[in-house]
Amino acid sequence: MKEQASGLPLAGVLIALARDDSQGASPVATALTNEQGAYSLRAPQAGRYRLGAKRIGVRRYTSVAIDLAESQEVVLDVELEALVYQLPTVTVHSEPLCVRRADQAGRVASLWDEASTALTATQVSLRDRLVHARVVRYVRNLNAANLRVEGERSRRQTDGAVDRPFVSLPADALSRNGYWRVLPNDSIAWYAPDAAVLLSASFARDHCFGVVEGRGDRTGLTGMEFEPEPGRETPDVRGTIWVDARTFELRLVEFRYSRLPFPSSNRNIGGEVHFAKLASGAWIVERWFIRMPRYNKSPTTRSTGIPGVQPIVEFRLTGLVEEGGTVAVASAPPGRQY
């Protein structure tokens with residue numbers, strides 16, 4: 001895999017092998033190119049396939065149909081366009097995303113193609129154990145108003161090939177039951193969308209999307225906002241998928257909960273997942289956190305002032321619990337040769 005103009009090898013290109021008759025379906029094999037631009041894929045069986053190659057910020061490449069016999073090896077050298085720092089247009093084959101404004105449909109589809117490429121590359125990097133790093137996970141108490149650390153509950157460090165930094169529930173379970181739920185002991189479990197959830201059909205089905213330009217500390221980024229479809233009452237998330245406005249590489253996903261167990265105007269409840277591309281072409285979750293509300297254990301009651309109407313039971317927000325982590329890359333594992 002190399003660049004057309006310069007002839008230089010391209011690392012981190014997402015390669016996908018799909019059946020020729022499965023337009024829009026999931027590929028049967030995926031890989032990332034290494035530092036030499038090399039890749040290797042194995043078809044599950046003989047048949048007719050097409051090879052796709054996606055470099056973020058560049059139009060997707062799709063090969064002609066390739067007939068593969070059992071145990072046959074085929075070498076396919078692909079050249080991709082150079083970066084022109086212009087958002088590529090895409091042709092939508094699957095069910096289109098719900099968009100808040102019809103005039104943004106094309107841009108939403110293009111931004112989603114870039115972001116989903118990085119999310120898929122992150123999954124491939126984890127699956128193939130392409131990164132060695134030190135992962136530090138922590139749990140700490142925060143002041144709900146100013147986010148001052150009031151105490152650390154735990155800290156855990158692991159070294160080696162990076163596994164999933166945090167684990168969410170399956171996308172269909174979150175779609176069905178929501179992003180928080182009350183447990184049998186009356187505690188509340190909170191969940192964040194990981195790459196698999198964001199890439200799922202259920203997440204796309206449950207949300208509508210729009211385009212926003214970054215301001216303040218998001219200057220230089222372009223965002224794809226998402227919010228639950230109108231009328232959806234299951235506890236869900238709304239937020240923004242931010243990409244670099246020039247290169248269209250994924251930077252972070254930020255989210256907040258669309259519904260809370262007890263109403264609160266605090267805007268610090270939610271989380272962020274930050275992504276980074278390494279020189280090797282691998283993608284990682286660089287850091288993440290989820291901030292969950294902490295309520296007083298004994299509810300207070302407030303009179304409505306209306307005769308015959310029961311008092312209102314309130315749980316007061318007393319702070320936040322932040323679970324998160326950081327990933328410090330040590331190296332890429334040796335031996336990634338094809």
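No side-chain N or O of S202 forms a donor-acceptor pair with one of R176 less than 3.5 Å apart. Under the 3.5 Å distance criterion, with hydrogens and angles disregarded, a donor-acceptor pair is assigned to the side chains of T222 and E213. When only modelled atom types and interatomic distance are considered, S6 and E3 share a side-chain donor-acceptor pair under 3.5 Å.
Atom CG of L17 and atom CD1 of I15 lie 10.5 Å apart (nearest 0.5 Å). Once rounded to the nearest 0.5 Å, the distance linking CG of D172 with OG of S200 reads 7.0 Å. Distance OH/Y49 to CG/D20: 10.5 Å, rounded to 0.5 Å.
Contact check for V162 versus I284: no side-chain heavy atoms found under the 4.5 Å cut-off. Using a 4.5 Å heavy-atom cutoff, the side chains of Q4 and L80 are not in contact. By the 4.5 Å heavy-atom criterion applied to side chains, D113 and F248 are not counted as neighbours. Residues V273 and F275 are in side-chain contact: their nearest non-hydrogen atoms beyond the backbone lie under 4.5 Å apart. Between R137 and V135 there is a side-chain heavy-atom pair separated by less than 4.5 Å. Between L83 and T247 the shortest side-chain heavy-atom distance does not fall below 4.5 Å. Within the 4.5 Å cutoff, the side chain of R316 has no heavy atoms near those of the Y295 side chain. Within the 4.5 Å cutoff, the side chain of L317 has no heavy atoms near those of the R294 side chain.
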The test is side chain to side chain contact (heavy atoms under 4.5 Å, CB included); show your working for R107 and L87 and say whether it passes. CA-CA 8 Å; R107 190 163 173 81; L87 184 63; 3.5 Å; yes
Apply side chain to side chain contact (heavy atoms under 4.5 Å, CB included) to the pair R259 and D236, showing each step before the final yes or no. CA-CA 7 Å; R259 298 168 61 89; D236 212 306; over 6 Å; no
Run the side chain to side chain contact (heavy atoms under 4.5 Å, CB included) check on V78 and Y61 step by step: do they pass? CA-CA 9 Å; V78 177; Y61 165 88; 3.8 Å; yes
Set out, in order, the CA-CA distance, both residues' side-chain angles and the distance that settles side chain to side chain contact (heavy atoms under 4.5 Å, CB included) for L68 and V74, then state yes or no. CA-CA 8 Å; L68 294 178; V74 174; 3.3 Å; yes
Would you check, one step at a time, whether the test salt bridge (charged side-chain N to carboxylate O under 4.0 Å, His left out) holds for E323 with R140? CA-CA 7 Å; E323 291 189 16; R140 56 197 182 194; over 6 Å; no
May I have the step-by-step check of ring pair (Phe, Tyr, Trp, His ring centres under 6.0 Å) for Y257 and Y179, ending in yes or no? CA-CA 8 Å; Y257 296 95; Y179 284 76; 7.2 Å; no
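For residues 216-235, the ring pair (Phe, Tyr, Trp, His ring centres under 6.0 Å) pairs, not counting sequence neighbours, are F203-F226, H207-F226.
In terms of heavy atoms, L76 sits closest to S63 at CD2-CB, 4.1 Å. Closest approach of N268 to L320, counting heavy atoms only: CB-CD1, 3.7 Å. The minimum heavy-atom distance linking N146 with R148 is given by the pair OD1-N, 2.9 Å. Of all the heavy atoms in I56 and A118, the pair that sits closest is CD1-CB, 3.9 Å. For R100 against G210, the heavy-atom pair with the smallest separation is NH2-CA, 4.0 Å. Taking both residues in full, the closest heavy atoms of E272 and F255 are given as N-CE2, 4.0 Å, listed atom of the first, atom of the second, then distance.
Looking only at distances, a side-chain donor or acceptor of R256 sits under 3.5 Å from a matching main-chain atom of R267. Looking at S125, its side chain does come within 3.5 Å of a backbone N or O of A121 through a donor-acceptor pair. Of the possible donor and acceptor atoms, none in the side chain of Q123 sits under 3.5 Å from a partner among the backbone N and O of T120. Judged by distance alone, the side chain of E229 and the main-chain N or O of D206 form no donor-acceptor pair under 3.5 Å. S110 places a side-chain N or O within 3.5 Å of a backbone atom of P88 that can act as its donor or acceptor partner. The main-chain N or O of V13 is found under 3.5 Å from a side-chain atom of T33 such that the two form a donor-acceptor pair. Put simply, the side chain of D128 never gets that close to the backbone of L130: no donor and acceptor are under 3.5 Å apart.
The hydrophobic cluster containing V131 also contains W288, counting ILVMFWY residues as joined when their side-chain heavy atoms lie under 4.5 angstrom apart, directly or transitively. Under the 4.5 Å side-chain contact rule for hydrophobic residues, V139 and V285 share a cluster.
The pair D103-R101 meets the salt-bridge criterion, since a charged nitrogen lies less than 4.0 angstrom from a carboxylate oxygen. The existence of a salt bridge linking R291 and E254 is excluded, since no basic side-chain nitrogen approaches an acidic carboxylate oxygen closer than 4.0 Å.
Ring pair W112/F209 is tilted by interplanar angle, where 30° to 60° counts as tilted.
Applying the 6.0 Å contact sphere to CZ of R59 captures no more than 12 heavy atoms from other residues, nucleotides or ligands.
Under the salt bridge (charged side-chain N to carboxylate O under 4.0 Å, His left out) rule, D67 has a single partner from R50, R19, R48, which is R48. Evaluated for a side chain to side chain donor-acceptor pair (under 3.5 Å) with N141, the options E150, R153, E322 yield exactly one hit, R153.
Among residues two or more places apart in sequence or in another chain, the ring-ring contact (aromatic ring centres under 6.0 Å, His included) test is passed with Y138 by none.
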